[in-house]
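For reference, the structure is listed below as structure tokens.
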Amino acid sequence: FPEVDQSKIKMRNVKLSTLNKEEQKKLLLRPVLNSLAMIDKVKPIVERVRKEGDAGLKAMTKQFDKADLKSNVLLPPFQTPTEDQLPLDVKKAIDVAYANVKKFHEAQSEKKPLEVETMPGVKCSRFVRPISRVGVYVPGGTAILPSTAIMLGVPAQVAGCKTIVLATPPRPDGSISPEVLYVAKLTGVTCILRAGGAQAVGAMAYGTDEVPKVDKIFGPGNQWVTAAKMLVQNDTDALVAIDMPAGPSEVLVIADHTANPIFVASDLLSQAEHGTDSQVVLVGINLTDKHLEEIENQIDIQAKALPRVAIAREAIKKSVIVLVNNEQQALDFSNEYAPEHLILHLKDSVKAVEKVDNAGSVFVGAFSPESCGDYASGTNHTLPTNGFARQFSGVNTLSFQKHITSQLVSGDGLKVLGPSVVRLAEREGLEAHANAVRVRLAELNK
Ligand code: HSO
Ligand code: ZN
């Protein structure tokens with residue numbers, strides 16, 4: 001047996017006010033992802049699927065996933081998992097999550113077009129249409145993630161996407177997890193692609209005889225998946241969009257004197273167990289030494305009781321407690337960091353939300369652990385990492401749709417608007433543009 005590491009699992013801590021600007025900036029950094037090098041590595045894999053199609057995909061599934069498949073694709077009706085494969089209580093929990101996520105994402109869909117008459121007789125409108133074909137990637141690997149299938153499948157279903165390809169790496173016997181299979185049924189997935197990594201992304205981006213080509217690819221994944229998404233997004237032949245740039249998962253917890261050390265530690269660890277590269281930050285407001293020590297002890301005690309303690313230990317090692325003097329400083333720091341998840345353990349957490357400018361999703365108060373949002377409360381867990389919460393939203397119903405604008409100009413409308421258009425077209429030296437209005441005005445003035 002390898003020796004078990006019994007040393008204390010401890011985050012380092014710093015007082016923000018003692019750091020200079022440079023040092024403060026360093027606290028905001030995430031690990032550098034060498035994305036260019038990764039893109040070079042995935043290129044031959046993606047190219048191979050593109051050239052060889054299903055045969056290439058099959059060969060790589062055998063090589064990387066050790067699964068020897070007749071076909072990588074499963075079509076509905078998908079097999080219903082037996083109770084042996086999927087216990088009733090798990091199925092019921094999936095049903096609760098599915099219902100809540102659906103409820104929240106249905107409320108996000110725009111029911112009627114936006115219509116504005118900008119001038120009399122000039123009607124502009126904007127309406128929504130689903131992205132027709134989407135691909136959702138559900139990671140395999142150390143943890144099976146049926147929750148990710150829910151978070152991507154539900155908005156695709158609610159948005160009205162016609163083709164939903166769910167890609168996930170198969171197990172060596174060719175099967176996929178019964179949980180994911182059940183979610184695929186619930187969310188109306190139209191094709192399961194039993195493939196992982198860059199080869200799955202390549203197949204969805206270009207399509208093969210068996211795999212439908214998609215218009216947008218969603219979902220978290222390892223470095224290979226992320227790099228492949230970035231590669232195909234930049235290929236005009238593929239004509240495919242991606243949800244957002246992905247990086248290791250993160251949480252920032254803000255705690256004041258009212259925070260329960262047990263809860264705070266549990267939140268930090270629920271993030272730390274995701275991966276050794278997980279980013280965990282605690283911002284403490286005016287914490288007494290005793291309070292801080294209680295939190296530190298809880299981190300150690302709770303971590304050591306986890307099956308994934310080795311992963312949590314690595315993540316915690318790289319993590320930091322930032323000590324500040326007041327709530328404003330805490331929120332300023334958090335807004336600069338722009339965390340994927342922000343958890344507030346404050347006297348008045350509800351009020352503090354008003355001051356949140358940058359975050360993927362906020363967990364408000366002592367009884368709102370991130371776990372609720374990760375699984376079942378209704379919000380989406382596919383969120384911007386790496387500071388991209390500054391400019392990106394998390395996945396939502398609109399991510400699976402696009403807007404089309406339209407205009408209806410009446411004759412009277414053109415009489416009012418036309419002269420301005422003509423004048424601008426002349427100024428740009430585009431006489432054909434001006435003419436398209438002039439010929440109509442001439443007709444109207446006959
Ligand atoms: N916290 C992860 C999502 C997840 N957690 C899935 C558990 N399962 C990224 O937001
Ligand atoms: Zn999580």
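Order of appearance sets the numbers: ligands from 1, and atoms from 1 within every ligand.
Ranking protein heavy atoms by distance to atom 10 (O) of ligand 1, first place goes to H381 O, 3.0 Å. Of all protein heavy atoms, the one lying nearest to atom 2 (C) of ligand 1 is H274 NE2, 3.4 Å. Summary of contacts: the protein heavy atom closest to atom 9 (C) of ligand 1 is S249 OG, 3.5 Å.
Ionic pairing of D95 and K91 is not present here: no N-O contact between side-chain nitrogen and carboxylate oxygen is shorter than 4.0 angstrom. Taking a cutoff of 4.0 Å between a charged side-chain nitrogen and a carboxylate oxygen, D173 and K66 do not qualify as a salt bridge.
Residue S147 has at least one heavy-atom neighbour below 4.0 Å for each of these atoms of ligand 1: 6 (C), 8 (N). Close approach of ligand 1 to E370 (heavy-atom distance below 4.0 Å) involves ligand atoms 1 (N).
Remark: D357 pairs with no residue by the salt bridge (charged side-chain N to carboxylate O under 4.0 Å, His left out) rule, at least two apart or across chains.
For a distance bound of 2.8 Å, the N, O or S atoms of D374 include one lying that close to the Zn ion (ligand 2). The Zn ion (ligand 2) lies under 2.8 Å from an N, O or S atom belonging to H274.
The aromatic rings of F263 and F367 sit perpendicular to each other, their planes meeting at more than 60°, with 30° as the lower class boundary.
Not one N or O of Q271 is nearer than 3.5 Å to an N or O of ligand 1, by distance alone. Distances between N or O atoms of D374 and those of ligand 1 include at least one value under 3.5 Å.
Judged by a 6.0 Å distance limit and a 45° cone about the ring axis, R390 is not positioned over the six-membered ring of Y337.
The side-chain heavy atoms of L323 and N13, taken from C-beta on, include a pair separated by under 4.5 Å.
A side-chain contact (heavy atoms from CB on, under 4.5 Å) with M11 is found for one member of V320, V281, I299 and no other, namely I299.
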